[in-house]
**Q** 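Got a structure here, written out as structure tokens. Questions coming.
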Number of protein chains: 4
Amino acid sequence: MVDFNITRAAHVEFGVTDLARARAFYVDALGFIEVDRDNETLYLGGLEERDKYSLVLRKAKSGGANHIAFRVAAAEDLEKIARLYKQHDLPTRWIEANSLESGQGKALRTHDPSGLAVEFFHEIEQRDRLLQQFDKYRGANIMRMDHFNCQVPHVQSAFDWWTQKMGFMLSESMVTDVGEHIWAAWIHRKQNVHDLALMNGIGPRLHHAGFWAQDTQSILRACDILASLDMRNCLERGPGRHGLSNAFFLYLRDHDLNRIEIYTSDYIIADPDFKPVKWPMSHPGRATFWGHQAPKSWFEEAMLLQNIHTGEFLPTQDPIEPGQPNTAH
Amino acid sequence: MVDFNITRAAHVEFGVTDLARARAFYVDALGFIEVDRDNETLYLGGLEERDKYSLVLRKAKSGGANHIAFRVAAAEDLEKIARLYKQHDLPTRWIEANSLESGQGKALRTHDPSGLAVEFFHEIEQRDRLLQQFDKYRGANIMRMDHFNCQVPHVQSAFDWWTQKMGFMLSESMVTDVGEHIWAAWIHRKQNVHDLALMNGIGPRLHHAGFWAQDTQSILRACDILASLDMRNCLERGPGRHGLSNAFFLYLRDHDLNRIEIYTSDYIIADPDFKPVKWPMSHPGRATFWGHQAPKSWFEEAMLLQNIHTGEFLPTQDPIEPGQPNTAH
Amino acid sequence: MVDFNITRAAHVEFGVTDLARARAFYVDALGFIEVDRDNETLYLGGLEERDKYSLVLRKAKSGGANHIAFRVAAAEDLEKIARLYKQHDLPTRWIEANSLESGQGKALRTHDPSGLAVEFFHEIEQRDRLLQQFDKYRGANIMRMDHFNCQVPHVQSAFDWWTQKMGFMLSESMVTDVGEHIWAAWIHRKQNVHDLALMNGIGPRLHHAGFWAQDTQSILRACDILASLDMRNCLERGPGRHGLSNAFFLYLRDHDLNRIEIYTSDYIIADPDFKPVKWPMSHPGRATFWGHQAPKSWFEEAMLLQNIHTGEFLPTQDPIEPGQPNTAH
Amino acid sequence: MVDFNITRAAHVEFGVTDLARARAFYVDALGFIEVDRDNETLYLGGLEERDKYSLVLRKAKSGGANHIAFRVAAAEDLEKIARLYKQHDLPTRWIEANSLESGQGKALRTHDPSGLAVEFFHEIEQRDRLLQQFDKYRGANIMRMDHFNCQVPHVQSAFDWWTQKMGFMLSESMVTDVGEHIWAAWIHRKQNVHDLALMNGIGPRLHHAGFWAQDTQSILRACDILASLDMRNCLERGPGRHGLSNAFFLYLRDHDLNRIEIYTSDYIIADPDFKPVKWPMSHPGRATFWGHQAPKSWFEEAMLLQNIHTGEFLPTQDPIEPGQPNTAH
């Protein structure tokens, strides 16, 4: 039995080589709100959020992800999670309040069985939401953090950990045509399609962090703006509609190749007995409902994650399930 | 401690005097999906839903609401709720599976302390969702039931019942300028602004049932269609944006004066420690963020509810807090 | 036969008592582009335009309109128009290039037979359009000047002048239920519904200047922004859809009570033999297709126009057709 | 001097091998209005149009285009155009009223100097527009015919013919990086970007016919619907925004490989001295403003046109300018 309560995907930290250029992309073009900054770091957030930040950009030698973070419902939940990770001989590290991330309380960093660098926290400085300061809406009208998508070498094991031990629930999955092996899984704590997706691939890697946009029009506008600012190369895939999740999406890569998804309009899952949706890999509308093919980079490239103790990028392993879905129509 | 789990607002039953005319309004104009029908009844639903229906239209001598219904997470929850209502000497009635509502399992009907006619159920026949059958989208693109808004003579008592005994959580409230007495409360089980709103007024009455539309464009289109079909009189208030909830809205009344709200784009509340939003009655952007005044009918008229045993309309009482908010700018 | 070519409604000049406050409304909130300024004047324009400006805001003791302006296809057209006005003993005044309006060539100011203060010009400084600089889009995404709506005491005479002498063509009209007297007329030179509307009322007055917004979503966003900035009082009517013209609209008044319409999505009229649309005054969807009633101020209040020689506001006369349309449903 | 007045692109006739299947695509999925039909032919139109039809689908052994048609302002214009074509030894054929196309008056068919099969007509049966019958809006909300895009072996010659002899005006062009040879030209009679585009390529061929959709949302919806109906293969390119014209677009091919573009939101050109926009072929945002690459089929495949006398498909020639633009980013 899970005796703690993870409430949602909360924030991600990316390394960027040039803070000013990253700011031009995330703040000026896409409309993320700059909440705080120091010489090394930008703290950004969405219009609907009250947490101080949901995206941390840290000066680094290259792109890549430091960690992904989930919020828990109570301070005690952190102790319970720490105990569980130790029981399974998994690495843990306590982060003092306000030491690494401005405004955050005491936090627990871990590596899950797939090696993903995951932080859990409860306390975080609150700010006034900007939900009804529509004069501040810009770019893609970024409302809030939505989810993380991670590549792992063995999806079934990762899936078991997060659903059986961490309390996540399955909303949709993609399975091999023969034998129905799980190839990717969309699992959630908050009541929409996912807080975490686990995808077969070279891992542990963070494929992307997903942020919620106000509506489909905001996503089209983001494309227009990026093109206007000669940042066309940042547009990697989309806009389009996903079969899986039904969301309208756009994949972007910043100048350091960190990848985000701008995502909107999936659906609500309010019932614990929600019957998950299962997609065969061969379904022509699975990845892109309209049948468009994803570019090679989308399948092959992802962000390395850092070791929670050393800060070194984690070594990766090849996936157990070979190949990649054919998304061509 | 609440030992049962209400998952969400699930469906409502209206009386209509002419089924064909009601069908023209709800199905042909607004795009509700007709799922089932018999000589007396139409069962309608939304595109995202899997429950067989979320709106029951029953042939009757006049408009008015038979009951509102919440789904619970497990069959045992019904027994627990029945026990609680009996402890408080409140009326209960068990409805046999498939007896009054086609496809529904055993259900419990009650009157809450304010007299509201409320049904709880767990089992209901499931249907394939139409979420990705976009060729079936019509009218306002109705996705799902969202909430009920009820008028009660004493909001504080009703609020105490639903939050302390039934497990609902406060998201937003409207309070008197002097003394901050609660005048209306938006409370939720699923993770958006509300499953139930309690509003000071002549009660018990159902002010409206709220259905979720795909986006703001769908709501504008609903206006265009209703006008095209010479159903302009059904447009009571809006379209506009609410201050409270931030949703984009439209209030409609069918030909029997049953009122629904077409509602979209509020926000997600994933944290149990969400800090509620409090609005003073005098805030010019509270009801309609843009400052528009609601028509008199919106404040004064609402649907009577039926006695769960006799089917008679329930007598009403005047509210404790006199007056109505001034929404003029 | 008309021997000159008026191409389109081009710009309008308003008096404002506080340039900074006017800038906050037009530029910061609504997204007009500030192209030029001096101590007395702001020159604003839209994203699609190449003319230097389409809205001139001039420091004045009160709100009100200095003149409306049409562009002509060739410099010679100005001479031809001057000759016509003189033939009919109508006032004319030549304005030297760059003397009153920055960047404008030689212009002709006149009073038409209804007394309206109208400027004609051909040359105007061109600027790069911002059509594809989507990072500059703000507020209502104002694309371009669309039309003028004027109140005149005798619509039939005004209509005859502009169609028979000035070459305008009728697209839609509103007629009295009895006798089909023309009550208002929408007439055009460019190929959409109107460059000029003539409406029965106290006149000569300018009822509003209409600017084209990118889409309906931009108009909803303008409402959201004005409310966010506590400029709710500027929202006079709408958003809604017109029956006449089919456009989606919003009427706004600046802090000096100058009125503009934000307007989009009417239709194209490419054929000279287009059969005009005629609306009886009693049609419930004529003014607002959805049936909403316009506020009293919209019918009663309008901008005075200035004498082209003295700068004094022109005296007005009561209309010949009494009363106002009943727009209530 | 041009002494006749072509008002606009008016209709196109495609061959289809299966009328029922073509109807499922154009009417059921995309929302074209079926206006008339016989055993051999479907007459379809848009919501804003009054001409009886703008798309004729005729039973044939294969896909391909019979002719494109322009409307002229007066019956006399047909004689003047016939005279001009004869002067230049170009083929002409008079079509009796109501003989080949239901509801059309006497028409002139020709081959222009590039061999394009072009019809001119003035009279056509009028129908009530459906502009404000929003209950009839479906699919992509097709409003009206917008333009034709033709491939010709020698763009400069074709351009000279249509601008110097037929009265078309240049709005935008694409030129070779070296020497600025014209590679493609967008030319117009009605006041938006084009009624006709001339593109370097194997010709004479019709590359696509463009229809105007109500807004960008309608185009996204069309994608959703086609995917829902398992017609994903019909989606050839887009949705996206064009650099050239600034329009939002989607290219579709029916089951017989006839190609249409769903197109919206370009801009108005009301001035005869509009300064054309010139794009170098190497501009990364020229074809697709967002930088997306067009598929090979879009460059290589197009519809053959029929000989106006024999009905045989016209032989084609290779283009003078070799190669194709590189649209990759």
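Since this is a predicted model, take the numbers as computed values, not measurements. The sequence lines fix the lettering, A, B, ..., with proteins before strands; numbering per chain opens at 1. The analysis underlying the following values was restricted to heavy atoms, covering all of them including side chains, and did not include hydrogens, waters or symmetry mates.
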**Q** A quick test of your reading: do over 12 heavy atoms of other residues, nucleotides or ligands sit less than 6.0 Å from CD of A:Glu34?
**A**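 More than 12 heavy atoms, drawn from other residues, nucleotides or ligands, come within 6.0 Å of this atom.
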
**Q** Looking at A:Asp38, I want to see if its CG is surrounded by more than 12 non-hydrogen atoms of other residues, nucleotides or ligands under 6.0 Å.
**A**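 Count over threshold, so yes.
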
**Q** What distance do A:Asp135 atom CG and C:Ile225 atom CD1 have between them, rounded to the nearest 0.5 Å?
**A** 7.0 Å

**Q** So how far is it from C:Tyr137 OH to A:Ser228 OG, rounded to the nearest 0.5 Å?
**A** 8.0 Å

**Q** Would you indicate whether C:Gln133, at its atom CD, is surrounded by more than 12 heavy atoms from other residues, nucleotides or ligands within a distance under 6.0 Å?
**A**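 Enclosed.
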
**Q** Do C:Arg221 and A:Asn141 have side chains that approach each other closer than 4.5 Å (heavy atoms only, starting at C-beta)?
**A** yes

**Q** Which pairs, with at least one residue in residues 53-64 of chain C and sequence neighbours excluded, count as a salt bridge (Lys or Arg N to Asp or Glu O under 4.0 Å)?
**A** C:Glu13-C:Arg58

**Q** Does any non-hydrogen side-chain atom of C:Asp215 lie less than 4.5 Å from one of A:Gln217?
**A**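 Yes. Closest side-chain heavy atoms under 4.5 Å.
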
